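Have a look at the structure below, then the notes.
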Amino acid sequence: MIQSLRGMNDILADDYERFEYFLTTASTIAKRYGFHYIETPLLEETALFKRSVGESSDIVGKEMYQFTDKGENDVCLRPEGTAGVVRAFVQHKLDKKGGIHRFYYHGPMFRYERPQKGRLREFHQFGVESFGVASVYEDALMIMMIADILKALGIGYRLKLNSLGDQHCMPAYREKLVSFIESCGDAICGDCVRRKSTNPIRVLDCKNETCQSLYVNAPKLIDNLCGECQNDFDTLKQILDNHAIAYEIDTNLVRGLDYYSKTAFEFVSDNIGSQSAIAGGGRYDRLIEFLDGKPTPAVGFALGIERLMELIVMPEAQREGYYLGTLDPEAIQSVLLAAEKVRRSTKGVVEYEPRSLKAHLKGADRVNARYCAVIGENELTQNSIWVKDLVEKTESLIPLSDFFA
RNA sequence: GUGGGUGUAGCUCAGUCGGUUAGAGCAUCAGAUUGUGGUUCUGAGGGUCGUGGGUUCGAGACCCAUCACCCACCCCA
């Protein structure tokens, strides 16, 4: 038997209902905030991710589905969504056009990781990117939008917030941090030694306990922000307070993608295992120029759909449409014609095999139909169809000429 | 990439110390005096015990390999 590849799942009927419910809910909210759908390719040039996500990140360093195509191009399946949207933004010269451009997207992402709960090799993200707004109000908008989406889906969360600083304060902080790390000597773990040279900020969220105990006294990003970053961060907190959105400052919150600066945030759930981040994002004002565009301020977030799936509280399923069947093999043609009429306005499911009335009623329950419509010997002679409303428990005999006429 | 766990019916799982024809519940289908559901009762169908080797008179069970899934590390949505 041929099986799907490791970490790559089919989404079948029941699950897809949730999946679709999520998409319509999230899309509706994104549109309400003034965002437009954008679809970008699953396959992109590898260089795009190397330059945006960053070669020091694990995503690019060891998790990409990368290969050479038949035209000798170095390509890979997208491991995340932002890079492709920024590429499209620059390629279509929207950076030169100026103004504000707001996009949302959803689709599969690919990372070659060891699968576990909440972590797949092919997984789905819903994301939003905003270009052209430097104001921290847009950062707040992102967070409010996620809060709206999660609320609509009945999902509880914790919001973690941090500021990563910008090109004015980050480099100085980085130096400070590196010298602090060096002062720890060789007490730190091997990973941190590596991080010190590749991306020192990441030592902050090292899971190693001895490292963490040493880093308690590490200089904090948040104490080293320049005036502008400090101002923005204070404003952001103020806005969230005004909107009654609870947050916790996490000075160790470091996003795993290199392009972030200033605002960084992460929504986590305590009910889905160790892969607890359900949404994450932040500001990435420098990324557009890294990808050869005109410097443009930008913010965005992405939401992991699979991680939300089991948390979504679905509205109760309503009985809908018709189940149609026959008691008499002679009647199937009439049933099919009736079904065709039904489908002009609602759902119509047909059982082809003649069965007992009891079996048909059970069948109607199974497909969650509102009505059970049956043609048997009696109906056939009267040229009519028997219809039972399964909720009101009323039944009637309707002439076929009047049925959905 | 590292560590641990689990693979038996469509699903959830029993299966004793290695011993005859591999079980249950749910689900499916059919019946319970003749055309009334989301109750009950009865019955039926459904299995290469993940796969491949090995040990043994005998393997679902023990050993090795392999694949998949699960959990954690790591990483991140």
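In what follows, every chain begins at residue 1, and chains take the letters A, B, ... in the order their sequences are listed. Both backbone and side-chain heavy atoms feed into the values below; hydrogens, waters and symmetry mates do not. Remember, it's a predicted structure, so these values are computed and weren't measured experimentally.
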Donor-acceptor list for residues 152-166 of chain A side chains, cut-off 3.5 Å, not counting sequence neighbours:
{"unit_1": "A:R158", "atom_1": "NE", "unit_2": "A:E248", "atom_2": "OE1", "d": "3.3"}
{"unit_1": "A:R158", "atom_1": "NH1", "unit_2": "A:D270", "atom_2": "OD1", "d": "2.6"}
{"unit_1": "A:R158", "atom_1": "NH1", "unit_2": "A:D270", "atom_2": "OD2", "d": "2.9"}
{"unit_1": "A:N162", "atom_1": "ND2", "unit_2": "A:D250", "atom_2": "O", "d": "3.4"}
{"unit_1": "A:N162", "atom_1": "ND2", "unit_2": "A:T251", "atom_2": "O", "d": "3.3"}
{"unit_1": "A:N162", "atom_1": "ND2", "unit_2": "A:L253", "atom_2": "O", "d": "3.0"}
{"unit_1": "A:S163", "atom_1": "OG", "unit_2": "A:G165", "atom_2": "N", "d": "3.4"}
{"unit_1": "A:D166", "atom_1": "OD1", "unit_2": "A:H168", "atom_2": "N", "d": "2.9"}
{"unit_1": "A:D166", "atom_1": "OD1", "unit_2": "A:C169", "atom_2": "N", "d": "3.3"}

Is any N or O donor-acceptor pair between the side chain of A:K358 and the base of B:rU36 shorter than 3.5 Å?
-> no

Quote, to the nearest angstrom, the C1' distance that separates B:rA14 from B:rG53.
-> 28 Å

Check every strand shown and say whether A:A364 touches a base, only sugar-phosphate, or nothing at a heavy-atom separation below 4.0 Å.
-> nothing

Between A:I272 (CD1) and B:rC75 (C1'), how many Å, whole number?
-> 15 Å

NA contact type, A:R366, heavy-atom cut-off 4.0 Å: base, sugar-phosphate, or nothing?
-> sugar-phosphate

With rounding to the nearest 0.5 Å, note down the distance linking CG in A:N224 to CD in A:Q230.
-> 10.0 Å

P atoms of B:rA77 and B:rG4, separation to the nearest Å = 29 Å

Out of B:rG37, B:rU36, B:rA30, minimum distance to the side chain of A:W386 belongs to B:rU36

Could you give the CG-to-P distance, from A:D58 to B:rA77, as a whole number of Å?
-> 12 Å

For B:rA61 and B:rA22, measure between their C1' atoms and round to the nearest Å.
-> 12 Å

Heavy-atom nearest nucleotide on RNA chain B taken for A:K362 and for A:G304; more 5' hit belongs to A:K362

How would you label the contact of A:L390 with the nucleic acid (heavy atoms, under 4.0 Å): base, sugar-phosphate, or nothing?
-> base

Among the candidates B:rA77, B:rC29, B:rU36, find the nucleotide nearest to the side-chain atoms of A:R307.
-> B:rA77

Separation of the P atoms in B:rA59 and B:rU66, to the nearest angstrom = 24 Å

Could you state the CZ-C1' distance from A:F126 to B:rA77, rounded to the nearest angstrom?
-> 13 Å

Provide, to the nearest angstrom, the distance between the CG atom belonging to A:L327 and the C1' atom belonging to B:rU36.
-> 11 Å

Grab the stems for RNA chain B, please: at least three consecutive Watson-Crick or wobble pairs, both distances below 3.5 Å, written as range with range.
-> B:1-7 with B:67-73, B:10-13 with B:23-26, B:28-32 with B:40-44, B:50-54 with B:62-66

So, the side chain of A:H360 versus the backbone of A:T326: is there a donor-acceptor pair under 3.5 Å, distance only?
-> yes

Value in whole Å for how far the P atom of B:rC75 lies from CD of A:E306 | 22 Å

Approximate separation, where rounding is to 0.5 Å, of A:R366 CZ and A:Y323 OH = 7.0 Å

Just wondering, more than 12 heavy atoms not from A:E175 lying within 6.0 Å of its CD?
-> no

For A:Y259 and A:T82, does a side-chain donor sit closer than 3.5 Å to a side-chain acceptor?
-> yes

Considering only B:rC76, B:rU36, B:rG37, which nucleotide approaches the side chain of A:R111 most closely?
-> B:rC76

Looking for any heavy atom pair under 4.0 Å, which part of the strands does A:R319 touch: base, sugar-phosphate only, or nothing?
-> base

Cation-pi geometry met for A:R121 and A:Y112 (6.0 Å, 45°) | yes

Look at the side chain of A:F123 and decide which nucleotide, out of B:rU36, B:rA30, B:rA77, has an atom nearest to it.
-> B:rA77

Ring pair (Phe, Tyr, Trp, His ring centres under 6.0 Å), paired with A:F126, selected from A:Y104, A:Y37, A:F103 = A:Y104

Distance, C1' atom - from B:rC76 to B:rG60, rounded to whole angstrom = 40 Å

Expressed in whole Å, how much space separates the P atoms belonging to B:rU56 and B:rC17?
-> 23 Å

What distance separates A:R102 CZ from A:Y33 OH, expressed to the nearest 0.5 Å?
-> 11.5 Å

Quote, to the nearest angstrom, the C1' distance that separates B:rG7 from B:rU51.
-> 11 Å

Base, sugar-phosphate, or nothing for A:E379, non-hydrogen atoms under 4.0 angstrom?
-> base

Of A:V374 and A:E266, the one whose closest RNA chain B nucleotide lies more 5' = A:V374

Whole-Å gap separating P (B:rG37) and NZ (A:K388) = 7 Å

Could you write out each protein N or O paired with an N or O of nucleotides 65-71 of chain B at a distance under 3.5 Å?
{"unit_1": "B:rC69", "atom_1": "OP1", "unit_2": "A:G7", "atom_2": "N", "d": "3.1"}
{"unit_1": "B:rC69", "atom_1": "OP2", "unit_2": "A:R6", "atom_2": "NE", "d": "3.0"}
{"unit_1": "B:rC71", "atom_1": "OP2", "unit_2": "A:K117", "atom_2": "N", "d": "2.4"}

Listed nucleotide nearest any side-chain atom of A:I59, set B:rC76, B:rG37, B:rA77 = B:rC76

Between A:F19 and A:Y16, is the gap from one ring center to the other below 6.0 Å?
-> yes

Measure the distance from NZ on A:K62 to C1' on B:rU2 and round it to the nearest whole Å.
-> 11 Å

Once you round to the nearest 0.5 Å, how far does CZ of A:F403 lie from CD1 of A:I385?
-> 4.5 Å

Nearest-neighbour nucleotide for the A:N378 side chain, B:rA32, B:rG35, B:rC76 considered | B:rG35

Starting from C1' on B:rC75, measure out to CZ on A:R121 and report it in whole angstrom.
-> 14 Å

Given the P atoms of B:rU21 and B:rC26, what is the spacing between them in whole Å?
-> 28 Å

